[in-house]
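Okay, so here's the structure we're looking at.
Per chain, numbering begins at 1; letters A, B, ... match sequence-line order.
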Number of protein chains: 2
Amino acid sequence: MAYDENRKSWVAVDCLVLGYDIESKSINVLSFMRQVDPFAGQWSLIGEFINEEEDIDDAAKRVLEKYTGLNDVFLEQIRVYGNTNRDPAGRVISILYWSLIKLDDIHKDIVNKHGAQWFSVGDLPKMVLDHGEMIDFGRDYLLSKAKNTPLGFELLPQKFTLPQLLNLYEAIYGKALDDRNFRKKMLSTELLQRLDEKDKSSSKKGAFLYEFNQEKYHELMSKGYHLELV
Amino acid sequence: MAYDENRKSWVAVDCLVLGYDIESKSINVLSFMRQVDPFAGQWSLIGEFINEEEDIDDAAKRVLEKYTGLNDVFLEQIRVYGNTNRDPAGRVISILYWSLIKLDDIHKDIVNKHGAQWFSVGDLPKMVLDHGEMIDFGRDYLLSKAKNTPLGFELLPQKFTLPQLLNLYEAIYGKALDDRNFRKKMLSTELLQRLDEKDKSSSKKGAFLYEFNQEKYHELMSKGYHLELV
DNA sequence: CAAAATAAACGTTATTATTACGTTTATAAA
DNA sequence: TTTATAAACGTAATAATAACGTTTATTTTG
């Protein structure tokens, strides 16, 4: 081996799992109670050290599946944290991933098993180490990506209504949006497929359900189309 | 120490150093001839292992200064590479940073000392390991950031002309832009300060020199202004 | 059973931004 | 003095955005 054995560091992956609660119209973060010392008992993002024979993306997938039961969902590396003082127990480089999931998809028994819990981003407990910073970064990142990528749809169920989509974007942007202009712009992308079905849970009239057309999106992207939502 | 000593990995930083050559109108990558085995003698991005007592950003700064003589320039983390098979000599996690510099600022003797050399992105040699991938990622990243952040100005000298700025953006976008519309849009941001000086190196008439107003930019940003260039 | 209430859906207009061009200007060289 | 040329300036048609008003479908209420 050509490299110096004495210069190694611990490397972990942490996953910022975000979900959107349609009822409360709030973006939620999955947090679990840390089991290992130091700081056992504090709230933490889900995370673990990478294994020796494991790509970092696979490590993130492993962590996500272990704590949520989910695989094959949106999961992406977004940043690395590597200050020497970030963990007093040792020099740990943490690779932050984020995952956007549909709240209803989560396997509740698996989540419970690890003492995990959802918190609204507006009402978070104190997080261990620099995990609070990670959440802040993830929220900024969501804000900056939401306009030009269809990430929002990862957070809603397969079938959703335009008012639900509007509420989600209002939660992301943290401000009210004009519903008429929102509807116009969203529909102008022609990426939403309207179904012959209504959701009557929040009005007498009922709101049409839509599906996001993933194939059409990829088709447009491959032609160099620039998406602009909201 | 709470963590398992056997689960450590090597962690390196690699710096993608980009510069713009006004003469040839091409974006260049700084590359140096790798000294350590395996693959000593192949072209590589500048990079080294992080030190035990060193924040990752500081490691990147150290590498950049060692190979270019530059400090206090634009330098940002952009991605992590951590597949198990990326380096056959061991499990190395590489944190990719990128730096955008003004070509003329570079300390030529320091660069030469390490056998470093500029290559046009259009005419790169085969790079070691996954460094070619890193360069591709950096180019895409530049493309995606150039429109909404004033990164371009990092690549030009303090004083530059509008035609030079246009050529730079044409190099980034890889296509011709309408000079009249470009000029109008750039000036509409009011972030360019015209000087009472002309550069006559490329025309009889001469082109006015401009400076980018960094303070005004930060002031506008703090008010939530959305920059749109080009 | 008509009227009221309400969320959802649809529509219009003024303003602003973008695109795609044409024209004038300053200067050095012929 | 004319010519050549890059730089600078200008304009009109089209498209996108912002800021509003109106109608519709349905349930609940009097």
Would you mind reading off the distance between B:Asp179 atom CG and C:dA20 atom P, rounded to a whole angstrom? 14 Å

Taken to the nearest whole Å, OH/A:Tyr210 to C1'/C:dA9 is 8 Å

Identify every side-chain donor-acceptor pair in residues 110-118 of chain A under 3.5 Å, counting partners at least two apart or on other chains, and give the distances.
residue, atom, partner, partner atom, Å
A:Asn112, ND2, A:Lys108, O, 3.2
A:His114, ND1, A:Ile110, O, 3.3

Could you work out, with ring-ring contact (aromatic ring centres under 6.0 Å, His included) as the rule, every residue matching B:Phe119, not counting sequence neighbours? B:Trp43

A:Ile22 has an atom CD1; how far is it from atom P of C:dA7, in whole Å? 17 Å

What is the distance, rounded to the nearest whole Å, between atom CZ of A:Phe208 and atom C1' of C:dC10? 12 Å

Pull out every residue in residues 220-230 of chain B that has a heavy atom closer than 4.0 Å to any atom of DNA chain C, ordered by number, or say none. none

Starting at CE of B:Met186 and ending at P of D:dA7, how long is that distance when rounded to a whole Å? 16 Å

Applying side-chain contact (heavy atoms from CB on, under 4.5 Å) to B:Arg34 and not counting sequence neighbours gives A:Tyr3, B:Val36, B:Pro38, B:Phe39, B:Ser44, B:Asp87, B:Val128, B:Leu129

Step-by-step side-chain contact (heavy atoms from CB on, under 4.5 Å) determination, B:Leu191 to B:Gln214: CA-CA 8 Å; B:Leu191 292 170; B:Gln214 198 85 42; over 6 Å; no

For A:Tyr97, check ring-ring contact (aromatic ring centres under 6.0 Å, His included) against everything at least two apart and list the hits. none

Quick one: label B:Ser202 by what it contacts on the DNA or RNA (base, sugar-phosphate, nothing), any heavy atom closer than 4.0 Å. sugar-phosphate

For A:Arg86, enumerate each residue passing the side chain to side chain donor-acceptor pair (under 3.5 Å) test, keeping only those at least two apart in sequence or located in another chain. A:Asp130

What N/O pairs connect the protein and nucleotides 10-15 of chain D at under 3.5 Å? Give each pair on its own line.
residue, atom, partner, partner atom, Å
D:dT11, O4, B:Lys184, NZ, 2.9

Separation of C:dT19 atom P from B:Arg183 atom CZ, nearest Å, is 18 Å

As a quick check of understanding, evaluate side-chain contact (heavy atoms from CB on, under 4.5 Å) for B:Tyr81 and B:Glu133, giving each step before the final call. CA-CA 10 Å; B:Tyr81 291 78; B:Glu133 244 180 87; 3.8 Å; yes

According to ring-ring contact (aromatic ring centres under 6.0 Å, His included), who are the partners of A:Phe208, at least two apart in sequence or on a separate chain? none

Pairwise 5' ranking along DNA chain D for B:Arg194 and A:Gly206, keeping only the more 5' one: B:Arg194

Which residues pass the ring-ring contact (aromatic ring centres under 6.0 Å, His included) test with B:Phe160, sequence neighbours left out? B:Phe153

A:Phe182 CZ to C:dC10 C1', in whole Å, measures 16 Å

side-chain contact (heavy atoms from CB on, under 4.5 Å) against B:Leu143, all qualifying residues, sequence neighbours excluded: B:Ile172, B:Tyr173

Per the side chain to side chain donor-acceptor pair (under 3.5 Å) rule, what does the pair list look like for residues 136-161 of chain A, sequence neighbours excluded? A:Asn148-A:His226, A:Lys159-A:Glu197

Can you tell me the distance, in whole Å, between the CG atom of A:Leu177 and the C1' atom of D:dA19? 14 Å

Pairs: protein N or O with nucleotides 23-25 of chain D N or O, under 3.5 Å:
residue, atom, partner, partner atom, Å
D:dT24, O2, A:Lys205, NZ, 2.8

